[in-house]
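Report on one structure; see the data block that follows.
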Protein chains: 2
Amino acid sequence: MRRFIDRILKNSSSSDKQLLLQLEHLVGFTPKHIEYYRLALMHRSRPDDVTDSNERLEFLGDAILGAIIAEYLFKKYPYQPEGYLTELRSRIVRRETMNNVALRMGLNKLVQYNQNDRGLSRSHIFGNALEALIGAVYLDQGFAKTRTFILKQIIRAYIDLDTMESTDTNYKNQLLSWAQRSNKQLVFETVDERNEGTRKLFTVAVVIDGAQVATGTGFNKKEAGQVAARNAMEALGV
Amino acid sequence: MRRFIDRILKNSSSSDKQLLLQLEHLVGFTPKHIEYYRLALMHRSRPDDVTDSNERLEFLGDAILGAIIAEYLFKKYPYQPEGYLTELRSRIVRRETMNNVALRMGLNKLVQYNQNDRGLSRSHIFGNALEALIGAVYLDQGFAKTRTFILKQIIRAYIDLDTMESTDTNYKNQLLSWAQRSNKQLVFETVDERNEGTRKLFTVAVVIDGAQVATGTGFNKKEAGQVAARNAMEALGV
């Protein structure tokens, strides 16, 4: 393995060599095609042409990450219903979580971006770069090695599943306390009930100061209310 | 191969044998673990316990499908930006498309569901079963064979990418014509402009009869308006 790295290093520029060593440390193996990784680390604030940025790789990596986490949860929780798996996955792959993981991995030191733009380092560009890195690992190493990388270097290293499972995501409560703080009148209204197959499907609307802000649908009013509250928070930017 | 099938058949009940032959025809290979496929074909209207239905497998299959389509589009369109790939993928994996593919494959003849419930056969349960089937193929055969199955038996066989690419998804126009039909007053309002990094980020709201229904965010007003219109159509169930 060492000899393989030496051979690559011999044929590379000194900045390639440095990046290769940093990547090796970060991902736990020796990259074969360093150009994928270089692209993964390129934020769109740097290159002239946006297709030379990491956004396409982020699209790919996000999808691969979603599939691998889905399989992981499917096997880890054999008796949990689909809704539980979906919610838990969305907590793991959400922007805040991935950005936090990226920062703890030190990926922010490798990402190329316009450093004069102070706002960027406070946004989620490092989490996005982590997804792009996953895309690069996939193209470079294939599915099985990408799975190992994600499970070992991301999930086991940085994700506390117990905390994720117990985190409160009572969107209704969150929205209610926001309404109270903002001095707004908030009502949940059931606006539709119909049959979908053998089950009843409810639609609940969030009404703030008399105006309908969002709706949510579910197989019971509680679930529909939660979805409506989450949609309202998104619509309102809460 | 034939001998392998014969050996399975010898140890199976006659309903197993029939299903195995039907599946072989459908997926293009011989399943190893028929129990995954049996579960994939079980709609929640049949078993007593919902965890014995195909919903968990649908969660898994949906994620695997998303990843494989992402890779396919990433490689097929090397010069298209991320937004283009995202939109095209969402058209391929959307419920209507998958349900249509499932019907053309004849999957509806294999899905177990409550046939007394007339509404079910008009909903998307066959598309959902197709996703569950992808989950079963993945557990049974692994990633590489699942990719071949999806690209050969789904994409190349049933998806017309040229049509998908040219389909009009002008949500703003769709919402405007809905408002006209329903005799409602519809206005698009720019409610926020701020800087994200080096770029301006716009938030546009859909206001119907004076009430804000949804918002959308984008790097220009046109894009934000499209997102807002799509969110509004979802919120209103249009």
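Naming: A, B, ... by sequence-line order, numbering from 1 per chain.
- No part of A:L65 comes within reach of chain B, as not one of its non-hydrogen atoms sits under 4.5 angstrom from that chain.
- Chain B forms the most heavy-atom pairs under 4.5 Å with one residue out of A:N116, A:D192, A:I208, A:L57, and that residue is A:L57.
- Chain A forms more heavy-atom pairs under 4.5 Å with one residue of B:A214, B:A63, B:G210, B:G61 than with any other, namely B:A63.
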Where do A:L73 and B:R56 land on the side chain to side chain contact (heavy atoms under 4.5 Å, CB included) test, with the steps shown first? CA-CA 10 Å; A:L73 297 177; B:R56 283 170 42 86; over 6 Å; no
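- When B:R147, B:H43, B:Q212, B:E58 are compared by the number of non-hydrogen pairs under 4.5 Å with chain A, B:Q212 comes out ahead.
- In this structure the side chain of A:K75 reaches within 4.5 angstrom of the side chain of B:L139, judged on heavy atoms.
- Note that CG of B:L236 and OG1 of A:T215 are 7.0 Å apart. Values are rounded to the nearest 0.5 Å.
- Here the side chains of B:L60 and A:E71 are in contact, with some heavy-atom distance below 4.5 Å.
- Note: B:F143 and A:Y138 have perpendicular aromatic rings, judged against thresholds of 30 and 60 degrees for the angle between ring planes.
- For CD of A:E96, the number of neighbouring non-hydrogen atoms (other residues, nucleotides, ligands) closer than 6.0 Å is greater than 12.
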